Amino acid sequence: MKNLSVAIVTCMLFSMAAVGQSDKADDVSRWKTFSNRAGWSIKYPPNWKVYSCHSCPDPTDPNVFVAFDNPKTEEIVMIQHFKDKPSDQSIERWLDHIKMATNLNPKVGEEWVTLGGARSLKVVTSNHDSTECENFYVVHGSKTFAVQIDRGTPSYQLYQQMLSTFKFTN
């Protein structure tokens, strides 16, 4: 498993310039479903692309990040599987450790929310270009995941709809 200090690429790297309008594909019933072997699934608009790193041909591999790309705006949602939570740590303590080890940008705020039916920590960070990124850290069983989305972008409403479909499959 990757070292936590490099496990997550800052949101800034994935926040590409937004051009054009957001998708009007808000009929979630027509969206595609992506399932990852790490034990989660999410729905995404049918015209969006799914990919991982260049040397990772299988985005369903539980040990690689998955990105969902809006081809109209080049904005993405990224989901990554981290190192498992140690059995001797509470979820609160573990996610506090994860947020400190992975967030390189200044923190704007944080709150506890529910994602996929599990308690998760949402940390909002400020990028160097004055945009903000939402980082959701969630533990299911002992598996730890991060979901990153950009705020204030044309696709933000679609991101929220995508997050509402995120669930654990095992």
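Positions are given from 1 along the sequence. The structure displayed is predicted, hence computed values, not measured ones.
To the nearest 0.5 Å, atom CD of residue Gln80 and atom CG of residue Asn135 are 11.0 Å apart. Note: Phe65 CZ to Ser52 OG = 4.5 Å, rounded to the nearest 0.5 Å. In this structure, Ile42 CD1 and Trp31 CH2 are separated by 8.5 Å, a value rounded to the nearest 0.5 Å. How far NZ of Lys72 is from CG of Leu158: 9.5 Å, rounded to the nearest 0.5 Å. Between the CD1 atom in Ile149 and the CD1 atom in Ile79 there is a gap of 10.5 Å [rounded to 0.5 Å]. Separating the CG atom in Asn47 from the CG atom in Asp69 is a distance of 10.0 Å, to the nearest 0.5 Å.
Taking the centre of each ring, Trp112 and Tyr137 stay at or above the 6.0 Å mark.
Contact of the Pro62 side chain with the Asn36 side chain is registered, since non-hydrogen atoms from C-beta on lie closer than 4.5 Å. Residues Ile76 and Asn70 form no side-chain contact, since every pair of their non-hydrogen atoms from C-beta on lies 4.5 Å or further apart. The closest side-chain heavy-atom distance from Thr165 to Val28 is below 4.5 Å. Inter-residue side-chain proximity for Val77 and Phe166 is flagged as unmet; no heavy-atom pair is nearer than 4.5 Å.
Defined by atom type and a distance below 3.5 Å, a donor-acceptor pair is missing between the side-chain atoms of Asn105 and Ser126.
Both Phe168 and Val113 are members of a single hydrophobic cluster when ILVMFWY side chains are connected at heavy-atom separations under 4.5 Å. Residues Val108 and Leu95 do not share a hydrophobic cluster, clusters being chains of Ile/Leu/Val/Met/Phe/Trp/Tyr side chains in contact below 4.5 Å.
The shortest heavy-atom contact between Met100 and Asp96 is CG-O, 3.0 Å. The heavy-atom pair separating Cys56 from Val64 by the smallest distance is SG-CG1, 3.5 Å. The two residues Thr102 and Ile98 make their nearest non-hydrogen contact at OG1-O, 2.8 Å.
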Checklist entry - Where do Val66 and Trp40 land on the side chain to side chain contact (heavy atoms under 4.5 Å, CB included) test, with the steps shown first? => result CA-CA 11 Å; Val66 180; Trp40 58 267; 4.0 Å; yes

Checklist entry - Between Asn127 and Asp150, does a side chain to side chain contact (heavy atoms under 4.5 Å, CB included) hold up when you go through it step by step? => result CA-CA 10 Å; Asn127 296 321; Asp150 286 328; 4.2 Å; yes

Item to check | side chain to side chain contact (heavy atoms under 4.5 Å, CB included) assessment of Leu115 paired with Leu163 | outcome: CA-CA 7 Å; Leu115 181 62; Leu163 281 177; 3.9 Å; yes

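Annotation: side chain to side chain donor-acceptor pair (under 3.5 Å) contacts of Asp61 (sequence neighbours excluded): none. Judged as a side chain to side chain contact (heavy atoms under 4.5 Å, CB included), and not counting sequence neighbours, the contacts of Ser35 are Thr33, Ser41. With sequence neighbours excluded, no residue satisfies side chain to side chain donor-acceptor pair (under 3.5 Å) with Lys85. With sequence neighbours left out, Phe136 forms a ring-ring contact (aromatic ring centres under 6.0 Å, His included) with no residue at all. Remark: Arg119 engages Glu92 in a salt bridge (Lys or Arg N to Asp or Glu O under 4.0 Å) (not counting sequence neighbours). The ring-ring contact (aromatic ring centres under 6.0 Å, His included) check on Tyr44 picks up Phe68, with sequence neighbours excluded. Scored by the side chain to side chain donor-acceptor pair (under 3.5 Å) test, Asp58 finds Arg37, Thr60 as partners (sequence neighbours excluded). Residues satisfying the side chain to side chain contact (heavy atoms under 4.5 Å, CB included) criterion with Arg151, sequence neighbours excluded, are Lys122, Val124, Glu132, Glu134, Tyr156. Taking Lys107 as the reference, Glu110 meet the side chain to side chain donor-acceptor pair (under 3.5 Å) condition, with sequence neighbours excluded.
Just one of Glu75, Gln161, Met162 meets the side chain to side chain contact (heavy atoms under 4.5 Å, CB included) condition when paired with Ser155; it is Glu75.
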Between side-chain atoms of residues 140-147 and protein atoms elsewhere (two or more places apart, or another chain), which donor-acceptor pairs fall under 3.5 Å?
from, atom 1, to, atom 2, distance (Å)
His140, NE2, Asn170, O, 2.6
Lys143, NZ, Ala38, O, 2.9
Thr144, OG1, Lys83, O, 3.3
Thr144, OG1, Trp94, NE1, 2.8

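By the 4.0 Å N-to-carboxylate-O rule, Asp27 lies close enough to Arg30 to be salt-bridged with it.
Sorted by first and then second residue, the salt bridge (charged side-chain N to carboxylate O under 4.0 Å, His left out) pairs with a member in residues 43-55 form an empty list; sequence neighbours excluded. Residue pairs meeting the disulfide (SG to SG under 2.5 Å) criterion with at least one partner in residues 68-103, sequence neighbours excluded, are absent.
Using a distance-only test at 3.5 Å, with no hydrogens or angles considered, no donor-acceptor pair links the side chain of Thr114 to the main chain of Gly117.
Crowding of Lys167 atom NZ: a count of heavy atoms from other residues, nucleotides or ligands under 6.0 Å not exceeding 12.
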